[in-house]
2 protein chains.
Amino acid sequence: MGEKTDFLGSVLEGCVSLSRIMADGRRQMVGLLFPSDFIGRPMRPEAPFDAIAVSEVRLCIFSRSRFESLLHDTPALEQRLLEMTLDELDSAREWMVLLGRKTAKEKIASFFAIAARRLAAVRQVALEDGVSLDLPLTREDMADYLGLTIETVSRQISVLKKEKLIIMRDARHLTIPNYNALLEVAGDDSDGGMIA
Amino acid sequence: MGEKTDFLGSVLEGCVSLSRIMADGRRQMVGLLFPSDFIGRPMRPEAPFDAIAVSEVRLCIFSRSRFESLLHDTPALEQRLLEMTLDELDSAREWMVLLGRKTAKEKIASFFAIAARRLAAVRQVALEDGVSLDLPLTREDMADYLGLTIETVSRQISVLKKEKLIIMRDARHLTIPNYNALLEVAGDDSDGGMIA
DNA sequence: CGGCAGTTTGACCAACATCAAGTTGGGTGG
DNA sequence: CCACCCAACTTGATGTTGGTCAAACTGCCG
């Protein structure tokens, strides 16, 4: 778990997962890092979670010691990192609500809604009805992110397809005809949990 | 959800919960704040979660604006806050593993183990076999923290009692005869998830 | 044309939720 | 001091969601 990395960095391109694997093999993803997200655990040599590339990635890497001294000397950088960490904390807590209290169908709908929001942010375009995107995760990765099994993920995706809440050209390519309708199903009141 | 507080602060005595209530009433606790923990959301006027006192509490309160300017002018304070926030983030992620992948029994065992660790830290004593403590939460609060119902919480506590992993003098007073045995049941490999 | 990883679907099962009584214990008023 | 009350908790019977096991399907690569 969590190699002792001597590097910190940020994601430039692609997608990186953060996860924990329990002794008996159960796995839970605890975060999904998109371009501009910070990667690594400043101020602690052992990272408590595994960072795994989910697609091809380009990273920007700094040595831990150089980053930490730079951080120490640059209050503006430290402030920026604090802001990012506070946002990550809010995201993690939103995800706790999903894991603890949402149904399988709500979890899938939430994940699709969030993936669309993140991708729109990365592309720097507005999030409109009819957005299309390629899912960054396999069914197995989704299951581990959502606290489900791959079979349940697959079944609930089929349900959402049948209800016309999503359109899938193939297993990876998603279109959301009506974003607000999807949010409704996700169980988020109106403005839809502002997650990772 | 999350009143617009003009105050930030830290817990001096007692215990405060952070939670989200969904539109239909489902509730998920996303954090439990003990003495020395920070409370509030710096750099963002709206708190995204409700802070609710779980017991009688004493807080140390600062006005938001004064705290934020102090923060801006005091790199050491900012660094301390960054460290605390990074620790909270790790804790939140550990909790995600619990919510997403642990069984009801493992969740209860984890909660008891963590409560004992936190209480020992607050009391500044070592965590030894035979520790006793009064649970800070009702069964309902525990259920909302663990993503369960009160009935399941109650039943799994009964199971742990029958297996002599815990002793309960009454519904609130807990004794842990063998901490490592409890960690074993909690599903954490050996050193037992370092959670908030 | 296989072969294989990823996915889908079906039949069945188990864990946890729900619904419904009881039980306990501390607090109040007679 | 006792009787009652009520909230918190426990326990039992049954229901439902999501997990497990198993079999097929898809599309891509060699």
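This one's a predicted model, so the numbers in the text were calculated from it and none came from an experiment. Every chain is numbered from 1 and lettered A, B, ... according to where its sequence line falls, protein lines coming before strand lines.
The distance from atom CG of B:Leu135 to atom P of D:dA8 is 15 Å, rounded to the nearest whole Å. Note: CG (B:Leu148) to C1' (C:dT18) measures 14 Å, nearest angstrom. If you measure from atom CG of A:Asp24 to atom P of D:dT20, you get 11 Å, rounded to the nearest angstrom. The CZ atom of B:Arg26 sits 15 Å away from the C1' atom of C:dC16 (whole-angstrom rounding). For A:Asp141 and C:dG6, the CG to P distance is 9 Å, given to the nearest whole Å. Put simply, NZ on A:Lys102 is 18 Å from P on D:dT17, counting in whole angstrom units. Atom CG in A:Leu99 sits about 13 Å away from atom P in D:dG18, given to the nearest Å. Taking atom CZ of residue B:Arg139 and atom P of nucleotide D:dT11, one finds them 10 Å apart after rounding to whole Å.
Comparing A:Met142 and B:Thr103 along DNA chain C, the residue whose closest nucleotide (by nearest heavy atom) sits nearer the 5' end is A:Met142.
Ion pair B:Asp50/B:Arg27 not flagged as a salt bridge, since none of the NZ, NE, NH1 or NH2 atoms sits closer than 4.0 Å to an Asp/Glu carboxylate oxygen. The residues A:Asp24 and A:Arg26 are annotated as salt-bridged, a charged nitrogen and a carboxylate oxygen being separated by less than 4.0 angstrom.
Using the six-membered ring where Trp is involved, A:Tyr145 and A:Phe111 have ring planes that are perpendicular, over 60° apart on the 30 and 60° scheme.
Residues from residues 152-172 of chain B with heavy atoms under 4.0 angstrom of DNA chain C, sorted by number: B:Thr152, B:Arg155.
With hydrogens and angles ignored, no donor-acceptor pair under 3.5 angstrom links the side chain of B:Glu151 to the base of C:dC16.
For the residue pair B:Thr85 and A:Thr85, no side-chain donor N or O sits within less than 3.5 Å of a side-chain acceptor on the partner.
Following chains of ILVMFWY side-chain contacts shorter than 4.5 Å, one can reach A:Phe62 starting from A:Leu77, so the two form part of one hydrophobic cluster.
B:Ile166 contributes atom CD1, which lies 13.0 Å from atom CG of B:Asn178 (distance to the nearest 0.5 angstrom).
Within 4.0 Å of B:Ile150, counting heavy atoms only, lies no atom of the nucleic acid at all. If you check every strand for non-hydrogen atoms under 4.0 Å, B:Thr149 touches a base.
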**Request:** Test A:Glu94 against B:Arg20 for salt bridge (Lys or Arg N to Asp or Glu O under 4.0 Å), laying out the working first.
**Result:** CA-CA 8 Å; A:Glu94 296 280 354; B:Arg20 163 75 48 86; 3.0 Å; yes

